[in-house]
Amino acid sequence: MTIIPLSRPTTRADAEALDRADPLAPLRAGFHLPDDILYLDGNSLGPLAYAVRDRVRAVVDAEWGQGLIGSWNEAGWVELPRRVGDKIAKLVGAAEGTIVATDSTSVNLFKVLAAATTLRPERRVVVSERSNFPTDLYMAEGLAALLARGHELRLADSADELPGLIDDSVAVLMLTHVNYRSGLVHDMAALTQAAHDAGALTVWDLAHSAGALPVDLAGADADFAVGCGYKYLNGGPGAPAFLYVAPRHQAEARQPLSGWFGHAAPFRFEPGYAPAPGIDRFLTGTPGVLSMSALDAALDLFGAVDMAALRQKSVALCEFFLARVEATSGALGVTLASPRDAARRGSQVSFAHPHAYAVMQALIARGVIGDFRAPDILRFGFTPLYTRFVDAFDAARELQAVLAVEEWKRPEFNVQRAVT
Ligand SMILES: *Cc1c(COP(=O)(O)O)cnc(C)c1O
């Protein structure tokens, strides 16, 4: 059990004081957060912002309801993938015209991975991590099977192993910047450099980075990236994802899902495909305007937020929660499953517990919403736009309550559900 030095905040009054001093605290009022829960799962599904609800209503009533087909031009629907992409670009250190919002993260990963491997035709290896989010690995497997040219996935068992796996057979280093289970943050600049030194390209997945911590795609010299719209960006369930292509690759890179929205002149209806000159060639079909509009409105909540300030609050929230859990539940079977060093941890704190699924179900029944990741991880997301220090304090207290009386043993908490 960890003893917390007295200089560190430990009481609920300390948490309240931290909330009063928090410059981002007023942003919480922009979100609809039910009164009876503590929401620590914005890293899985961001909550509804009032501005998003209003925007969707307006798009449905006025743009679709009244404007009908004319809204493609009049309401700017056709520009949404670029406009939304440019808003995301500001959060991830990318220039205008390098990101489009489109499709899902999985589909975008397929597109950029195909483009990247095609730029290194003589190489056959994609390096990643066994602990990567499975869909990333599944999409790479699917692409390798389709290419049928002997491509292989070379998987590292730890982050430290990665540099040793990058040699001159490697076409692409494909990594998720912040690990979804542990929250471990990779050094994007250093690993991109290592890949480039070996003549390989990089594909970064920013699902747990965009809107969660500062990212500098241009500064890190990244080649390609993808990311998620419904987690920290609060775009709503199944929101469009995004993809990034460095300016130096945009003229050469080709993606295989060559649909008409990626054509140089879609409304000429030509029988042959000619890719659009810039990032637009990474579009495929008609965008989902309702969900794209929701994401567009959600991004405005980041409007004036300085990512350094956001990160500072995220680190403070995570440190506070981590210290409270170790002080109150450290002897009750939970062990830290995230890096202890805040600099190497994203905007989440994970703990391992042998009965993590049931423990999380018991917590949810008490109104503390985190999630479970197989096989044994309790995951708590600290999204600085709307999470308070008192939420961190109360969540730690509820966790202790669940563990102290082994509440998780109740049968109803041991029934597996489809989505965890
Ligand atoms: C959430 C997440 C995804 C989700 O992919 P979808 O295609 O939106 O289902 C992909 N990769 C990572 C790393 C994620 O965390």
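The basis for the numbers below is simple: all heavy atoms, side chains too, and nothing from hydrogens, waters or symmetry mates. Both counts, for ligands and for their atoms, begin at 1 and track the order of listing.
- Exactly one of Val203, Thr202, Val245 qualifies for a side-chain contact (heavy atoms from CB on, under 4.5 Å) with Asp223. That residue is Thr202.
- One finds a salt bridge joining Arg340 and Glu326 here, because a Lys/Arg side-chain nitrogen approaches an Asp/Glu carboxylate oxygen to under 4.0 Å.
- Aromatic rings from Trp408 and Tyr357 are positioned such that their centres are separated by 6.0 Å or more.
- Ring pair Trp260/Phe267 is tilted by interplanar angle, where 30° to 60° counts as tilted.
- Atom CZ of Arg344 sits in a sparse spot, with 12 or fewer heavy atoms from other residues, nucleotides or ligands closer than 6.0 Å.
- The local environment of CZ in Arg248 is crowded, with over 12 non-hydrogen atoms from other residues, nucleotides or ligands closer than 6.0 Å.
- Near ligand 1, residues Ser104, Thr105, Ser106, Phe133, Thr135, Asp136, Thr176, Asp205, Ala207, His208, Tyr230, Lys231 come within 4.0 angstrom through at least one heavy atom.
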